[in-house]
Amino acid sequence: MIKLDRRAFLKGAGATGASCALASVVPGSLAAVGATELRGSGEAVPSICEMCSTRCPISARVVDGKTVFIEGNAEAKSFGGKVCARGGAGHSLLYDPQRLVKPMKRVGARGEGEWQTISWDQAYSEIAAKMNELKSKYGPESVVFSSKSGSEHTHIFNMAKAFGSPNTFTHLTTCPGGYGVAAHAVYGSKMKRDLSNSKFIINFGHNLYEGINMSETRALMKAQMDKHAKLVVFDPRFSVVASKADEWHPIRPGSDVAVALAICNVLIADDLYDKAFVERYVNGFEQFAAQVAQYTPEWAQKVADVPAKDIRRITHELAKAAPHAMVDFGHRSTFTTEEFEMRRAIYAANVLIGNFERKGGLYGGKKASTYNKFAGTDAAPSLGKPGVKIPKPTAKRIDQVDPQLALPAKMGGIYQSIIDTVENGKPYPIHGWVMTRTNPMQTVTDRNRVEDALKKMDLVVCCDLYVSETAAFADYILPECTYLERDEEIADKSGKNPGYYVRQQVVDVIGDTKPAWQIFRELGIKLGLGEYYPWENIQTLQLAQVKKDGALLKKIKDKGYVSYGKPLMLREPSMVAAFAAAYPTAHAVDEDGTYGSAVKFKTPSGKIELFSSEVEELAPGRGMIAYHEAKLKNPDELYFIQGKVAVHTNGATHNVPMLANLMSDNAVWIHPETAAKRGIENGDAIRLTSSVGSETGHALVTKGIRPDTVFAYMGFGSKNKELTRASGKGVHCGNLLPHATAPVCGMCVHTTGVKLEKA
């Protein structure tokens, strides 16, 4: 464990940050996009933020026709009625003269940056004609569709399905896929964290104080401040969450799985695990116990560079706090080929302390159907669907070539398989790519391969707010209006009890922009798929969702965020008692005061699986959670890792005026010993070189990083001229990361080796 003075570190970070070039907001920018003033509601409108994927509930209103004041929605208690820096900067999108406000068509060579504005009808007609031409020549499966996960991806994917293509991809394998696929293998479904009630938290680089999720970030703060939870962080760098922890252990990149397995070893060997829970709910414990017997803290010390005595002590502290404790499974800074085993090992530690459906542990979301079943009555309304049946495409997905990747292929797809397929033509050639609000040039590894793939396409269509680095290589760019300018469907936000929220328009649409739902409906109709669009507008869809219950729709719109009933965790006696008292018709409570007998898992065995027969069938030798060495660098290289920063969202916000002003560059963190060996001082220009690319940046010399590791925040260094605030500023991480796909979970690998030199 290394101790570091945070104040001294921030002083160094601030000095480097002050030297970064800052963009300025262009005066008269509203006129530049064709609007003399903002028109919209002067009264607060409940809505949903979209400055990152968390999509926090907000309240927004137009002030004096000049700006939009954005704050958190007080109805969403867990979010605290707050917004982060990104959320507060949402109005900056409206003013930006670099925003797209009309459809654009490429007129020069792809990526050359020559465009002409066209009408929506021309854009739809030409895109539809080309898509149908490709469908006729090569089959509908020859066109792939991708979108960031969230509010509107269903619209582009429904259009893809109606078109006949099975090839739809979210950002799953570039960000959250590892823990989602692992949760499916272990529990049969996604897991949620009850951070606020946890008394002891082990964290493997899930930096909630920079990669902000307002609900979870506030929950972690509450646990530390109100509940006095102990926080132990394993991370190669001194992140913000590490600076707020009780202990920071600078773990060797990629070795997290070794420490997680050693924790499991101690829980079993020292007889600290919850035997009753394991016996009742767990399948494969005996095989798992035999497997982890070899993964001692002493073994882990050699792999991870963390003292064995600390691993043993921390595990005993974890067991003492159980079941109101957890090992956090969330995002981290080192994505390796062993991402699947890493996440499963973390889940296994949680299983052994019996924290499932207990305060401070892990739990499953309680949507209305589940909640009402336990209540014995319709305690919460359930949402309906429009009822349009679209035939299932007949072609095989391109990411199902390798059987071991079947799980992520069903959950959101292996995004980078688009690039593989373009290169090798297997299982069949790809000729078109339609995407919305996604930027694979930044988020998929090996930027040069992504560029080559885009250049080989017969058709590339991007729907976005800006000419992103990826959109710069499109044939057509369709301008989506911002989240402040559109209405959307009601979204399910259930946690321990059912909840819903809705995005609502705050300001009139600026320019000739449209919401994505409208864009893909109108393009779908132009494609000849009108039979799948019987609804007229978003209000029609909302009414279908509430089953024509106008009072319910009004309530959701008036409040913006609504929740129903009492929070419920099925194995927490106090919560079960309160729930049962609230509903006279409730499910009978077990003798121990819980609903433990009703706990079910959607796995083949119906139990938690520490050995997965499903995974073993897909990937022989991978059914059991085990350690597999991940080779990440050569001996003469440094580890290169990346992470999120609080004022930006991956590769999406670096051209937003306010956020570009806050941070326009990403210094490379270098340990003083490592810098001294190369003659590098703080602020010096440096060069990082990997097996696939080279990037120049500047140094942040700090003790807050291991000597064998360098770090940079991701999303910077765009290489297209259209993003003037972001272009060429900082290190482009994707240009340094070689292409590799992790077994079973299909994740992009975001840790590699680099050589460092003074530029």
Side-chain angles (χ1 to χ4, degrees), residues 102-107 109-110 115-147 152-170 386 388-399 413 417-419 421-422 425-438 440 453-464 470-471 473-480 512 514-536:
K102 290 182 179 293
M104 297 205 304
K105 177 182 179 180
R106 174 176 63 84
V107 293
R110 183 167 284 151
W115 308 93
Q116 71 177 81
T117 59
I118 58 175
S119 69
W120 280 101
D121 187 66
Q122 181 182 345
Y124 290 146
S125 297
E126 293 182 8
I127 293 168
K130 189 63 178 180
M131 287 178 66
N132 281 329
E133 178 187 341
L134 296 177
K135 181 177 183 177
S136 177
K137 285 185 178 180
Y138 311 109
E141 65 274 14
S142 68
V143 182
V144 299
F145 301 79
S146 64
S147 171
E152 294 192 313
H153 78 265
T154 54
H155 295 285
I156 185 175
F157 289 175
N158 284 341
M159 187 188 75
K161 186 177 178 182
F163 182 72
S165 176
N167 296 312
T168 58
F169 301 87
T170 69
V388 179
K389 292 186 178 180
I390 304 175
K392 183 178 180 181
T394 56
K396 185 177 183 179
R397 289 179 58 91
I398 60 173
D399 54 6
S417 68
I418 298 174
I419 315 304
T421 304
V422 172
K426 298 178 181 179
Y428 44 78
I430 294 298
H431 292 274
W433 191 349
V434 182
M435 64 186 85
T436 179
R437 301 295 295 280
T438 181
L454 287 166
K455 287 180 176 178
K456 291 176 182 177
M457 293 287 175
D458 295 321
L459 174 68
V460 178
V461 179
C462 285
C463 175
D464 213 321
T470 303
F473 285 81
D475 299 299
Y476 298 89
I477 308 179
L478 306 178
E480 184 183 28
D512 195 9
K514 299 183 179 185
W517 66 262
Q518 183 178 354
I519 292 170
F520 293 112
R521 178 182 182 273
E522 291 173 349
L523 178 57
I525 292 172
K526 189 68 76 170
L527 284 163
L529 306 172
E531 63 185 294
Y532 302 114
Y533 297 94
W535 41 274
E536 297 178 2

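In plain terms, the two heavy atoms of Arg110 and Lys455 that are nearest each other are NH1-O, 3.5 Å. Closest approach of Tyr124 and Ile519 over heavy atoms only: OH-CA, 3.5 Å. Of all the heavy atoms in Ile398 and Asn167, the pair that sits closest is N-OD1, 2.9 Å. Between Lys161 and Pro393, the shortest heavy-atom distance links the atoms CG-CD, 3.7 Å. Contact detail for His155 and Phe520: the closest heavy-atom pair is O-CB, 4.0 Å. Taking all atoms of both residues into account, the shortest heavy-atom contact from Ala395 to Tyr428 is CB-OH, 4.4 Å.
For the atom pair CG of Asn158 and CD1 of Ile390, the computed distance is 4.5 Å after rounding to the nearest 0.5 Å. To the nearest 0.5 angstrom, Thr438 atom OG1 is 11.5 Å from Phe169 atom CZ. Rounding to the nearest 0.5 Å places OH of Tyr532 at 15.0 Å from CZ of Arg521. Interatomic distance, Asp464 CG to Met104 CE, rounded to the nearest 0.5 Å: 10.5 Å. Between the CD atom of Glu480 and the SG atom of Cys462 there is a distance of 12.5 Å, given to the nearest 0.5 Å. Ile418 contributes atom CD1, which lies 7.0 Å from atom CE of Met457 (distance to the nearest 0.5 angstrom).
No option in Thr421, Ile419, Val143 other than Thr421 meets the side-chain contact (heavy atoms from CB on, under 4.5 Å) test with Ile430. Each of Lys137, His431, Lys130 was scored for a side-chain hydrogen bond (donor to acceptor under 3.5 Å, both in side chains) with Asp458, with one residue passing: His431.
Environment of NZ in Lys514: crowded, with over 12 heavy atoms of neighbouring residues, nucleotides or ligands closer than 6.0 Å.
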Side chain to side chain contact (heavy atoms under 4.5 Å, CB included) between Leu478 and Ile127: does it pass, once the steps are laid out? CA-CA 11 Å; Leu478 306 178; Ile127 293 168; 4.1 Å; yes
Let's go through Trp433 and Val422 carefully: what are the C-alpha distance in whole Å and the side-chain angles of both, what is the deciding distance for side chain to side chain contact (heavy atoms under 4.5 Å, CB included) to 0.1 Å, and is it a yes or a no? CA-CA 11 Å; Trp433 191 349; Val422 172; over 6 Å; no
Between Met159 and Leu527, is the side chain to side chain contact (heavy atoms under 4.5 Å, CB included) condition met? List the steps. CA-CA 9 Å; Met159 187 188 75; Leu527 284 163; 4.1 Å; yes
Report the C-alpha separation of Val460 and Met435 in whole Å, then their side-chain angles, then the decisive distance to 0.1 Å, and conclude whether the side chain to side chain contact (heavy atoms under 4.5 Å, CB included) test is met. CA-CA 8 Å; Val460 178; Met435 64 186 85; 4.3 Å; yes
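The cationic atom of Arg106 (NZ for Lys, CZ for Arg) does not lie both less than 6.0 Å from the six-membered ring centre of Phe473 and within 45° of the ring axis.
Ring geometry for Phe163 versus Phe145: interplanar angle over 60°, hence perpendicular rather than tilted (30 to 60°).
Although no hydrogens or angles enter the test, the distance criterion places a donor-acceptor pair under 3.5 Å between the side chain of Ser142 and the main chain of Gly139.
Under the side chain to side chain contact (heavy atoms under 4.5 Å, CB included) criterion, Ile118 pairs with Pro103, Lys105, Gln116, Gln122, Ala123, Tyr476, not counting sequence neighbours.
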